Structure formats: C-alpha cells, structure tokens
**Student:** 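Sharing a structure with you now.
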Amino acid sequence: MAKDKNNKKELTRPKGISRREVIKGLSTIPFMGAFAAAWFRKSSVEQQLKENLLEAVNLTAEPADLAPVAVGGKPLRLGMIGFGIRGRHLLRATGHAEPKWIDDTRTAAAENNLNTSYEDFMNQESLNIVISGVCDIFDIYAEEAILTGSNVNRQGAGGKMGTAPRRYRSYKEMIASPEIDAVIIAAPDHWHATMAIEAARMGKHVYVEKPMTWTVPETYELVKAVKESNIIFQLGHQGRQTESYVKAKEAIQKNILGKITLVEVCTNRNDPNGAWVYPIHPGAGQQNIDWQQFLGAAPYHDFSLERFFRWRCWWDYSTGLNGDLLTHEYDCINQIMGIGIPDSVVASGGIYFFKDGRTVPDVQQVVMEFPARDLTFLYSASLASDRQRGKVIMGHDAHMEISDRLTISADPQSTIYKEKIENGTIDPQVPIYSFTPGKKGIDGVASATEQYFASRGLLYTYRQGKRVDTTFLHMKEWINCIHAGIQPSCNIDQGFEEAITAHMATIALREGKKVHWDREKQEIVAP
Amino acid sequence: MVNSFADKDYAKPQLILLVLLRLSIGWHFLYEGAVKIINPDWSSFGYLMDSKGLFAGLFISMATHQGVLQVVDFLNMWGLLLIGLGLMLGLFTRLSVICGIVLLSFYFLSHPPLAGIQYIIPQEGSYLLVNKTLIEIIALCVLLVFPTGQIAGIDRFFRKKRD
C-alpha cells in the first residue's frame, strides 16, 4: 500500500511546525477570502437593486398597520337574525360557536396539524358582547342558535353553558325589544333591507350581510333610515379587513401602476355548494318552518324545501351572482380605488350548467364603464369551472394581482419605469413588489372552498403573522365603532354604491339593456 | 477506511483536483447555509411539504410539527454553513464530509427523481433516478476515501505522526 511506503519518510521529518507546514495547512484560506468577497459583492448588488426598487415603488414591505381599538364598557346586547350557513359564521365571529362545531374542529385539528381553525377560534379575542336574542323561522336552527348564543365559554357538547338568549318568533319582535342594542342580519337577500330599515328606525345598530338591498327603491329608503337615525351601520364585506387590499390602496394612491384603464375581477367555483345547492336539513318540513314569514315581499309560492334552503337560485328571493359575489369583488375595488357608481353597465349570461329549475344564471359577465376615470371594470363569473383567474388591476406602467397576497409587476412598455427597465434595475418578468401576509407562518386550509375564499381574502387575513378571520375583524370594527360612536369602513355610503351597482348589473342582465346612472338625479336609467 | 494521507500519496494533479472538489462542494454548502441564515423568512416547510416517494410521510410530518420544523430549520441553516466551512478550511474535514453525506441523503430521499413524480418546486434540469444531489453525495464519498484535509487544510496541524 502507498501508505506503508510513506511511513518511513514521515519518520525522517524534523519535529515542530515548519513554515512550509503552516503554508500547506492554511493553503485553502484564500478561497474563504474569495468566498467572502464574492458574497459581499453579490449582496451589495442585490441590496442596491432592492433600494432602487423601493425607491421606484416607494412602498414599504411592512404589513399594513391597522391598530385595533380597545373594546370596553358595558357589554353590547346583540340580536342574531338568521342562523343558516352565514349566520353560524357570523356568530362565531362574535365568539360563539355551536358545541358540535367546537368538537368537530378540535377533532379535525388533532388529525391534521395544519388545521389551525380550532386554535384560531379559541384564541380569538373576546368582543365584550352578549347574544341576548336569536331569531330563525326554522325551529331546529332557532334551537341551535339558542345553544350557540349560550356557549360563552367556547365549550364542546356537554360543556358549561351561559345564559340562553331569548328566541324571538319574528324579527319585528326582536327589533322592538328593549333588551336588544344591535342586530346582525343574515336572512335571505329579500329580507336584508326590510329588516335593516326597521332596525334603524327603532334605533338598533345594524350589521347586515351583503348585498345591502334586494330592490332599488328600498336602497334609498334604507339610506334615509340610517341617516335619520344615530345607528352605526356596517355592511358585511369583510374583505375591507384584508391586509393586502390596504397595501393595494396605498400602491394605487402612490401611482405605482400609472394610468389604470382596466380592472378584471372574477368568480370561479365548481361545486354544488358554491352554486348554492345547499344541503336540505333532513328534519325540516312545513311543521317547523314559518313559510309565510319566509316569503315576505317575495311572490307567492307553495311551500318548498328546495326554495327555503337554496333560495339563492331564484330571483324571487335572491340577487344572483351580482348580489352574492359581484358585490364582494366590486367592494374590494371600490375600497382600493374609490370608483363609485359606474356611468353604464351591460351584462349577459345564462343557466348553462345547473339546469335544476333555478332562474338565476350560473355563468355571467358584467361590463361597467367609468368614463370620467377612463376606466372599464370587467366581472366574469362561472359556477361551473374552478379555473382561478385572479383579480387584476391593469395600468400603463404596471399591473397588480390581488388575492390574500399582492404582487405588482412592471409593464415592459412602461413609461415611468422605462429607464429602470433599460438599466436592469427592474425586470418586467419579476414582480417589483410583493406582499405576503404572515409569510413565515405558512399553514394549510381545509377544503377547496376554504382555499378559494382565502385566496379571495374572504376568509382569513394575518395580523402580525397570526391568521385572523376577516369576518371577526369586520364584526370587531363595527362593535368598536358602536362604542366610539363613529361609522365603520363599509358604511351606508359605501353600501349605497355597492347596492346601486349590483342592481344596475341585474337590470342590465334581466332586461338585456345598457343601464345608465344619472349622477345628478341619483337614479338608474334603463331606457 | 483510510484515515490519514500524506503529501506524497497523491500525484500533484490528483491532489489539486481533489482539493478543488472539496473547495467547490464546501463553497456550495457555505453559501446555501449563509443565504438561509440571513433570510428571516426562510423555512424548510415548503420543501418538506413537497416531498415525494417512499419517505414522503416522514418528511411531511416533520413540516407539520411546529417544534420539529424549527429544529429542522436550525439544523439545516447551521449544518450547511458549518459543513461548508469545514470543507473549505479543511477543518474536521472527515466529520464535515460525513455530515454532508447525511444531510444530502435527506434531500435526496425527500425528493427522489423517480419516474412519474412531479414537484411543485421547479427543477432546473431533467433527472431520472440520478440528480445533482446524488452526484454531490457520491463526490463527498470520493472525498471520504481520498481525504485531503490533512494535506491542504487546518487538519494538517492535528495529524498524528505516523511512528
């Protein structure tokens, strides 16, 4: 072996460390120097690019600052109207979940480490409210609402409950009650305005689900009722609380996109639940549903479980895609850009996939014009394809994609970034700005629908790296505003713009006409 | 296993190339470690979640346990950096080489380039069974059997006299 031969030579070597030995031992050190020099060079180039970009974009990478307002004083007494799918979510936002939900979510969390719903809910801040009354015209839901409202300790089945809220058989009775300070309305669309108007007239604060109204005339009536009262009014567009929207607004105000001429927003769903084919409760029947009260101002129809549980599928009670989903997209853009009511709207669509007797289209497009701003707003929706198309604001100098994240990319033909693109500071292929809330705390979400909502900023947002339910933040804002005596972010004026815009789209769709807004008379004109 | 090689064991071109191989792998490890350490948002979460193959379950469970993930992140960042330093300086070279092989084996096992497997994280080349991670593992094995730390490296000062 070579080793043995060398042993003899080793023996003859002088003792101690010679200069030659030191040189050999440290012979690779210069490579460390080269590494350090190369790294320093690379990081200073990157730092310079980053600084140039930040200078060009002039946006902080820090999360938006939405400081919470302290909640204190006497607990607010809330009345909950409607305890269906959305009603349950809203009550959870107040800190009250069904014991069964607590058990199920706890089990789900134990089975999947990435599911943090249970932990998130248990850590959700207390809002200093009591659920004093509940109202649902389906007895089983009403009983569940009573149990949920009494679950003040966030317990599972068999846990210690608090005082049970009173059940009101009709919303009128609840609104008239001196034991109620404020109401949350999560009834079907055709009841939103009627209930909100009566509540406002009785001096009860209102949180009403979107869309704000079902008909045009009641929109004006509701605005009048709210303005004549001293109530605090919040419309349920929880997207108002999404951090990336706040960042997007800042970017638009700083003119990072240049002249914006087109906004494209979409709805994409592809499952029965997303297409409003909600489950029918097996215990439901004529004996435990107050059908007459359900109908309200809607046209008469014989009792129908399908219509009761899947009311969104019929114009008789629903506002279709425009009221349910366009409003979220519109309110997001209205929040970011302050676009207001469009000058004109055209719309078209049809029932192309869910041929289940519904009257409301499942595929639909709306085009709105804002000539004073040189802007077109395009909404495209399908309930029969899950291909996500994002929310894009297109400017001459850059475009912005918004979800729970936010990315801004420069346009290769941009004027304001021309020089920076030429000198290599900006690469149009790479976003010039991106904002990801709670970057480090990555977590998975349960279902495809939840993921869809999350990507639309409709489910969760982050505060200081912690996942927070936007509905909770929206509810919290309303309650804080009631204590402070000020109007919240999605107030009656924003609601008026949302409602009129959605109605214009519905009229355009149903009448096949181009619908105009008369700004002076504040009227919809459908020739 | 050969533990100790002396200057004359290699012909000059052999020694130069072996040292260059050690330096370049060391450089790679050092930089991979350094960029992770200076990025406050770096986490192995996404990489682990994208694991495929026989051991995917194990790697995914590492990612989903917050405490384990933190340890994995820490070991990755500092492991890469220290292995890189060891290889470049020729300090604790043998230990560094062995740790490097272990670490790279984890990467290889979590992302084996098997037929019919697609990764979310894009690959920069085309691989089937053999990828650059495997080649780097084998290169480190070569360095294990043809050590140079005691010839061109700080380990030279600690080598035992062969008498």
Side-chain angles (χ1 to χ4, degrees), chain A residues 1-18 20-44 46-47 50 61-63 109-116 119 434-444 465, chain B residues 2-11 15-16 19-20 22-24 26-28 30-31 34-35 38-43 45-46 48-49 60-70 73 84-85 87-91 93 148-163:
Chain A
M1 293 283 292
K3 193 180 160 193
D4 299 327
K5 280 185 207 162
N6 279 294
N7 271 351
K8 283 176 191 164
K9 289 176 190 167
E10 287 285 329
L11 286 171
T12 58
R13 208 179 56 189
K15 293 203 169 168
I17 301 174
S18 68
R20 198 178 147 78
E21 283 289 290
V22 173
I23 290 170
K24 283 187 173 173
L26 302 179
S27 59
T28 59
I29 300 274
F31 291 93
M32 282 302 301
F35 178 89
W39 190 24
F40 177 74
R41 203 177 142 70
K42 188 174 157 88
S43 38
S44 50
E46 280 171 357
Q47 186 60 32
K50 204 172 149 192
E62 297 304 312
E111 283 166 4
N112 177 7
N113 278 302
L114 291 175
N115 188 334
T116 59
E119 201 191 327
S434 88
F435 171 74
T436 308
K439 216 170 173 183
K440 183 129 195 179
I442 313 157
D443 51 15
Chain B
V2 188
N3 274 326
S4 176
F5 270 67
D7 302 33
K8 302 290 179 198
D9 291 340
Y10 300 120
L15 181 66
I16 290 171
V19 172
L20 271 180
R22 199 189 84 206
L23 284 170
S24 44
W27 185 298
H28 182 210
L30 185 59
Y31 188 63
V35 292
I38 61 165
N39 177 1
D41 285 317
W42 181 82
S43 167
F45 179 86
L48 289 172
M49 287 303 289
I60 290 168
S61 70
M62 283 180 182
T64 55
H65 287 84
Q66 265 303 311
V68 179
L69 183 67
Q70 277 170 4
D73 283 352
L85 276 177
L87 291 174
M88 287 200 75
L89 295 172
L91 177 65
T93 322
T148 55
Q150 295 191 350
I151 302 169
I154 295 173
D155 283 343
R156 189 178 182 100
F157 306 129
F158 305 114
R159 74 176 172 185
K160 285 183 195 133
K161 295 286 179 290
R162 294 176 185 170
D163 43 14

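If you're wondering where the values come from, they're calculated on a predicted model, not measured in any experiment. Per chain, numbering begins at 1; letters A, B, ... match sequence-line order.
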**Student:** Could you look at B/A63 and say if it's the side chain, the backbone, both or neither that has a heavy atom under 4.5 Å from chain A?
**Tutor:**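 B/A63 has no heavy atom closer than 4.5 Å to chain A.
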**Student:** Using the side chain to side chain contact (heavy atoms under 4.5 Å, CB included) rule, take A/L26 and B/R156 through it: C-alpha gap first, then chi angles, then the decisive distance, then the call.
**Tutor:** CA-CA 9 Å; A/L26 302 179; B/R156 189 178 182 100; over 6 Å; no
**Student:** Could you measure the distance from the CD1 atom of A/I29 to the CD1 atom of B/I154? Nearest 0.5 Å is fine.
**Tutor:**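 If I round to the nearest 0.5 Å, the distance is 4.5 Å.
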**Student:** Among B/L69, B/L30, B/I151, B/L89, single out the residue with the greatest number of heavy-atom pairs under 4.5 Å to chain A.
**Tutor:**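 When all of B/L69, B/L30, B/I151, B/L89 are compared, B/L30 has the most.
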**Student:** Report the residues that fulfil ring-ring contact (aromatic ring centres under 6.0 Å, His included) with A/F31, sequence neighbours left out, ordered by chain and then residue number.
**Tutor:**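 ring-ring contact (aromatic ring centres under 6.0 Å, His included) check on A/F31 returns nothing, list empty.
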**Student:** Tell me, for A/A34 versus chain B, whether the close heavy atoms (under 4.5 Å) come from the side chain, the backbone, both or neither.
**Tutor:**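 Both backbone and side chain.
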**Student:** Can you give me the closest heavy-atom contact between A/G25 and B/F157, atom names plus distance?
**Tutor:**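 Result for this residue pair: CA-CZ, 3.8 Å.
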**Student:** For B/G153, does its backbone N or O pair with a side-chain atom of A/T28 as donor and acceptor, under 3.5 Å?
**Tutor:**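 No: the side chain of A/T28 does not pair with the backbone of B/G153.
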